[in-house]
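Supplied in C-alpha cells, the structure appears directly below.
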Amino acid sequence: MVEADKSVKDRLRGITGRALKATVKALIFYAIYLAISTFLTPVSGVIPGLQQIIETFVMVYIFLVVVGEILSGTIFQQLFNVARALFVVVYLLFSLKGGTVSTTFQNVKLTLDLSLFLMAASLLSLLGLAKSMFQAVNFLSEKAEPSRI
Amino acid sequence: MRIPIRMIGIVTTFFWIFLIAFFVSAVYSVKDLQFDFGEPQISVTSDKEILFSLPITIVNKGYYNIGAFNLTTKVFDENGFAIAHHSTFVPVIERGVKKTLSHNMTIDADGLLQSEQEYLFNDTELTINQMVGMKLAEAIPVQASTNFSMPWGAPLYNFTVGEIKCELYNATHVKATVVISFENHAFFDLTGRIQMYMYNGGNELIGEGQKAIEAPQNSRYESSMELYVSITEKPENGYMEIYFLTSLFSYGPLVIPYG
C-alpha cells in the first residue's frame, strides 16, 4: 500500500516536473520570438504576411516542443522530435517559396533572395532531423538492451 | 551514442543561433541605411546627347557592409522598345561610410530623332524602369524595381507649312513666301536653321531658301521663309524638301507636297 502511494507520488512528481520543464521551454521560445519580432518590425510593414508566417511557425513549434517534453521518456517524445525537425524543413521550404520572396509596395516591387539563408537553414534542419532519428534509434536500443541480458 | 547525439545538438543549436542572429541583424540594419536621391537634371552635351543625371547619396549606418549596389535605368518607348539603358555599380559600401555618386544616362538625341521622326513631331510617353539592387551584409540579395512614365515633348510639334504666296520680285524672279509654324514642347531650346528646297512636278529644283530658328522650350514658333524662283518656273505643283539643322539634331528631308 505504502509502495503504491510512493509510486503515485513519484509519477505525479514526474508529470509535474515535465510540465514545468515544458512550460519553461515554451516561455523561453516565446521570449526569443518576441525579441526577434521586435527586430523584424520594420520589415514586417513592408512584407505583408511575414508576421503571420513567423507566428504560425512559432505556434506549431512551441506546441511540438511542449508535447515532446511532456511525453519525455517515451518513444512518442522521439516521434515528436522527428516531426518537429521535419516540420521546420517543410515549413521553411513552403513559406519561403524556394528562397525568393516578392512583394509589391506602392508601385515598387521588392524582391528578397533568401536562397542562401534557406540553404543554411535547411541543412541545419536536416542535421536536427538526423539527430532526432539517432535519438529514436538510441532510445529503442537502450530499451531493448536490458531484455537481452 | 549519447555523447555524439548531444554534440550534434550543441553544434546545431550554435549554428541556429548564429544564423538567426546574423539574418535578423542584417535585416534590422536596413533601417539604418539612408538613400537620398537628388533632383534629376537633364542637359545637352556637346556630342548632341541628352544627359540625364541623378545624384545619389548613400549613408550606411548599419552593422554590415552593403555589397554589389546597382542602380539600373531603362527607358522604353510606348511600343516597349528600349531607347536607353544605364547601370551604376558600386562593389562595396562599407559600414559607417557616406557615399555620393552620380547616375548618368545619355541618350543619343541625334540618332534617336533621325531614326524615329515620331519623337520630332508628336508628343508621347516614355516608360522608365528603375531598379535598385544590393546585397545586405554582402550576402542577402535585395532588389526593388519600379516603372513610371515620363512625357516626351516633341520639339517640332504640329509642324505646319502654309500656302505658298507668290509675288513678282523682278523681271526674272518670283518671290515665294511660305509660313512655317510649330510648337517646341521639348525640354530643351531649339536653335539652328531650316533649309527648304522647292521642286516642281518634274523633280527639278526651282528654288531654295533657309531661315535661322530660335524656339525656346514650351513656346510657339511662327515665321515666313522666302524662296526666289525663276519666273519661268512658277511653282504650281511639286514638293518641298525641308531639312532641320539644330544644335542637338539634324533631320531631313521632310517631304511636303504642294499645289
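The model shown is predicted, which means the values in this text are computed figures rather than measured ones. Note: hydrogens, waters and symmetry copies are ignored here, and every other heavy atom, side chains too, is used. Residue numbering restarts at 1 for every chain, and letters A, B, ... go by the order of the sequence lines.
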CE (B:M131) with more than 12 external heavy atoms under 6.0 Å: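 Yes - once you tally the heavy atoms of other residues, nucleotides and ligands closer than 6.0 Å, there are more than 12.
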
When B:V30, B:V132, B:V24 are compared by non-hydrogen pairs under 4.5 Å with chain A, the top option: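 Maximum pair count with chain A is reached by B:V24.
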
Heavy-atom pair of closest approach, residues A:S125 and B:W16: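 The pair with the smallest heavy-atom distance is OG-CZ2, 3.4 Å.
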
Atom CZ of B:F15: over 12 foreign heavy atoms under 6.0 Å: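 Count not over threshold, so no.
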
Over 12 non-hydrogen atoms of neighbours within 6.0 angstrom of CZ in B:R220: yes

Working for side-chain contact (heavy atoms from CB on, under 4.5 Å), residues A:K109 and B:T146: CA-CA 6 Å; A:K109 191 186 174 196; B:T146 185; over 6 Å; no

Closest heavy-atom pair and its distance - A:A120, B:L19: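 The pair with the smallest heavy-atom distance is CB-CD1, 3.8 Å.
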
Over 12 foreign heavy atoms within 6.0 Å of CD, B:Q217: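 More than 12 within 6.0 Å, yes.
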
Pick from A:L116, A:N107, A:V137 with the largest number of heavy-atom pairs that fall under 4.5 Å of chain B: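 Among the listed options, the one with the most contacts to chain B is A:N107.
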
Pairwise distance CG(A:L127) to OG1(B:T13) - rounded to 0.5 angstrom: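 OG1 of B:T13 is found 10.0 Å from CG of A:L127.
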
Engaged part of B:F23 at the chain A interface, taking heavy atoms whose separation is under 4.5 Å: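 Contact with chain A: side chain only.
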
Atom CD of A:Q52 with >12 non-hydrogen neighbours under 6.0 angstrom: no

Over 12 foreign heavy atoms within 6.0 Å of OH, A:Y30: no

Test side-chain contact (heavy atoms from CB on, under 4.5 Å) applied to A:L114 and B:I140, step by step: CA-CA 6 Å; A:L114 297 172; B:I140 305 166; 3.9 Å; yes

Heavy-atom proximity to chain A below 4.5 Å, by part of B:V27: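 Contact with chain A is through both the backbone and side chain of B:V27.
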
Under 4.5 Å from a heavy atom of chain B, the part of A:A130 involved: neither

A:F76, CZ: over 12 other non-hydrogen atoms inside 6.0 angstrom: no

Heavy-atom closest pair, residues B:I5 and A:Q135: CG2-CG, 3.4 Å

A:L124 versus chain B, the contacting section by heavy-atom distance below 4.5 Å: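 Contact with chain B is through both the backbone and side chain of A:L124.
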
B:F121, CZ atom: more than 12 neighbouring heavy atoms under 6.0 Å: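 Yes.
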
Point-to-point distance, once rounded to the nearest 0.5 Å, from CG of A:L123 to OG1 of B:T12: 11.0 Å

